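The structure appears right after this line, and notes come after that.
Every heavy atom of this structure was used, including side-chain atoms; hydrogens, water molecules and symmetry mates were not. Quantities reported herein were computed from a predicted structural model and do not represent experimental measurements.
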Amino acid sequence: MKEYEKKKSFNIGILKGDGIGPEIIDEAIKILKKIGKRFGHTFIFERGYLGGESIDKYGVPLSEDTIELCKNSDAVLLGAVGGPKWDNITPKNRPEMGLLQIRKAMGLYCNLRPAVLFETLKDSSPLKPEIIGNGLDIMVVRELTGGLYFGEKYRDNEKAYDVLSYSRKEIERITKKAFEIAKKRRGNLISVDKRNVLDTSKLWRDIVNEIGQRYTEVKVEHMYVDNAAMQLIINPKQFDVILTENTFGDILSDEASMLTGSIGMLPSASLGDGKASLYEPSHGSAPDIAGKGIANPIATILSAAMMLRYSFNLSKEADSIENAVKKVLEKGYRTCDLYKEGDLKVTTSEMGNLISKEI
Ligand code: NAD
């Protein structure tokens, strides 16, 4: 990240995608432009095409042109893909396939899914107020390209298997990322495994302990995945960074995000060792509300904040976006997904304008 320390100009690949994708991305661009003006950076946006919009334009969910654009950008911001228009296409050409292809092409092996519950939105959580306290801030670091989903597979009518395998290299690189992230947060890392029954977990835990010795400022603990699933419900505040493998991470990141109760608020990032990382909201393209101007743009705006923090090393600027979101929510402004009687209901672009004004 060092090369960015003095850099003022950043190329951002923009993949708006389908459904509400274009509406929410436009608001994130609005916010990035405001950050540029306020802090003296130049963000250059270059548009690529992914998912249904790419099928309509090029006949495939991801074109070589878009792969090139993404690989050559400093970071990529993505809306969401998919919708009923493309539901009857063969599975290998569907919009969602573009998503898997772009992650693979960019070598993204580290998925970050923060689960943040702002104090003002405490009522949206399914958990009791005494468990939530003054809010939640958990970061799930999930290995994205190894393990069960990518191992050798076999199936006949009598038997089937999926091989769970991890190499030292795969574990080391995700573990280093998790420690770096924990260092920038509250300095607590809980590595989740199933060491009592899985050999991959034994190797995983040994490597986490080895690498942990280089990060003395980070406190490391280990937890079995079944216990982690319970602890997230009974004592979520003990978690700062959760590091885990692909399958466990898939399940735990969804569980953690639901503690916040609001799908329109959750950003995500996928990082690799290449030049560019990918930032996107955790939700889908919400075709049911597309084009109505009512989608919540906050997940995408917070994804842009993650881009500033993790790709460009611009923490002050990222903080400024996160604080602006907090202030707007404290003032009672809500898009439809979060609205309750007594709140101030706003549209997608009004929410973007309000956040921009607070920066
Ligand atoms: P979804 O996340 O799009 O929508 C689920 C529900 O949440 C809907 O009622 C929707 O209106 C609401 N919602 C989602 N985001 C919102 C926002 N920002 N503001 C307000 N409300 C919001 O999930 P789905 O309905 O299962 O899938 C719809 C399409 O999205 C499908 O084609 C699916 O394949 C695709 N999808 C894409 C991604 C992605 O691009 N990363 C992820 C999941 C689903």
Side-chain angles (χ1 to χ4, degrees), residues 110-144 147 171 174-196 198 201 204-205 207-209 211-212 215-263 265-271 281-282 299 302-303 305-306 309-310 315 318-319 322 325-326:
C110 171
N111 185 223
L112 305 185
R113 285 271 299 267
V116 176
L117 175 62
F118 293 101
E119 195 173 358
T120 33
L121 294 180
K122 270 194 320 200
D123 291 352
S124 314
S125 174
L127 297 186
K128 290 180 186 152
E130 58 268 32
I131 291 179
I132 298 290
N134 56 358
L136 292 176
D137 182 0
I138 302 170
M139 176 70 83
V140 181
V141 180
R142 168 189 170 198
E143 203 289 326
L144 204 55
I171 301 171
I174 186 82
T175 301
K176 283 182 201 153
K177 288 258 188 233
F179 273 103
E180 287 297 326
I181 287 159
K183 217 169 85 173
K184 288 186 181 175
R185 290 171 50 98
R186 301 191 297 279
N188 291 311
L189 186 143
I190 294 184
S191 173
V192 172
D193 62 36
K194 190 71 182 164
R195 192 181 202 277
N196 45 351
L198 297 176
S201 284
W204 184 280
R205 195 179 283 207
I207 292 174
V208 171
N209 283 334
I211 293 181
Y215 291 87
T216 47
E217 65 275 58
V218 177
K219 182 173 161 246
V220 190
E221 284 173 68
H222 302 275
M223 198 178 267
Y224 293 139
V225 62
D226 38 355
N227 187 27
M230 284 194 296
Q231 293 297 326
L232 273 170
I233 304 293
I234 57 176
N235 183 12
K237 290 188 81 69
Q238 70 186 292
F239 294 100
D240 175 14
V241 174
I242 296 176
L243 162 66
T244 193
E245 60 91 58
N246 202 346
T247 310
F248 298 160
D250 189 6
I251 299 163
L252 292 181
S253 63
D254 267 11
E255 184 187 351
S257 67
M258 279 306 102
L259 303 182
T260 72
S262 50
I263 194 161
M265 297 288 298
L266 299 166
S268 84
S270 300
L271 318 178
S282 295
L302 292 174
S303 301
M306 288 184 83
R309 190 181 306 282
Y310 294 110
S315 301
D319 286 346
E322 288 160 4
V325 168
K326 216 177 278 175

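In this structure, CZ on R186 lies 8.0 Å from CD1 on I138, to the nearest 0.5 angstrom. Taken from CG in L117 to CG in D123, the straight-line distance is 9.5 Å, to the nearest 0.5 Å. With values rounded to the nearest 0.5 angstrom, T247 atom OG1 is found 14.0 Å from K194 atom NZ. Separating the OG1 atom in T175 from the CD1 atom in I207 is a distance of 7.0 Å, to the nearest 0.5 Å. Of the inter-residue distances, the one linking L112 atom CG with S253 atom OG reads 11.0 Å to the nearest 0.5 angstrom. To the nearest 0.5 Å, the span separating CD on E221 from CD1 on I190 amounts to 4.5 Å.
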Give the intermediate values and the outcome of side chain to side chain contact (heavy atoms under 4.5 Å, CB included) for residues R205 and L198.
-> CA-CA 11 Å; R205 195 179 283 207; L198 297 176; over 6 Å; no
Side chain to side chain contact (heavy atoms under 4.5 Å, CB included) between L127 and I233, worked out = CA-CA 7 Å; L127 297 186; I233 304 293; 4.1 Å; yes
Verdict with reasoning, R142 to N246, per side chain to side chain contact (heavy atoms under 4.5 Å, CB included) | CA-CA 6 Å; R142 168 189 170 198; N246 202 346; 2.7 Å; yes
Given the rule in the side chain to side chain contact (heavy atoms under 4.5 Å, CB included) test, do F179 and V208 qualify, once you have shown the distances and angles that lead to the verdict?
-> CA-CA 9 Å; F179 273 103; V208 171; 4.3 Å; yes
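Under a 3.5 Å cut-off, the side chain of R185 and the backbone N or O of D137 do form a donor-acceptor pair. In this structure, the side chain of D240 engages the main chain of G187 through a donor-acceptor pair within 3.5 Å. One N or O on the side chain of N111 and one on the backbone of A269 form a donor-acceptor pair closer than 3.5 Å.
Residue M139 comes nearest to P114 through the heavy atom pair SD-N, 3.8 Å, listed as atom of the first residue, atom of the second, then distance. Nearest heavy-atom pair, S257 versus R113, reported as atom, atom and distance to 0.1 Å: OG-NH2, 3.5 Å. Nearest heavy-atom pair across L144 and C110 is CB-N, 4.2 Å. In this structure, W204 and S191 approach most closely via the heavy-atom pair NE1-OG, 3.1 Å. A305 approaches A318 most closely through the heavy-atom pair O-CB, 3.3 Å. Smallest separation of non-hydrogen atoms from D193 and S201: CB-OG, 3.5 Å.
Tested against S282, the residues D254, L302, I263, L266 include a single side chain to side chain contact (heavy atoms under 4.5 Å, CB included) partner, L266.
Counted within 6.0 Å of NZ on K122, heavy atoms from surrounding residues, nucleotides or ligands total more than 12; the atom is thus considered enclosed. By the 6.0 Å contact criterion, NZ on K237 is enclosed, its count of non-hydrogen atoms from other residues, nucleotides or ligands being greater than 12.
Between E180 and K177 there is no salt bridge, since no side-chain N of the basic residue sits under 4.0 Å from a carboxylate O of the acidic one.
Inter-residue side-chain proximity for L232 and I242 is flagged as met; some heavy-atom pair is nearer than 4.5 Å. Proximity of Y310 to I181: side-chain heavy atoms (C-beta onward) are separated by under 4.5 Å at one or more points. Contact of the T260 side chain with the V116 side chain is not registered, since no non-hydrogen atoms from C-beta on lie closer than 4.5 Å.
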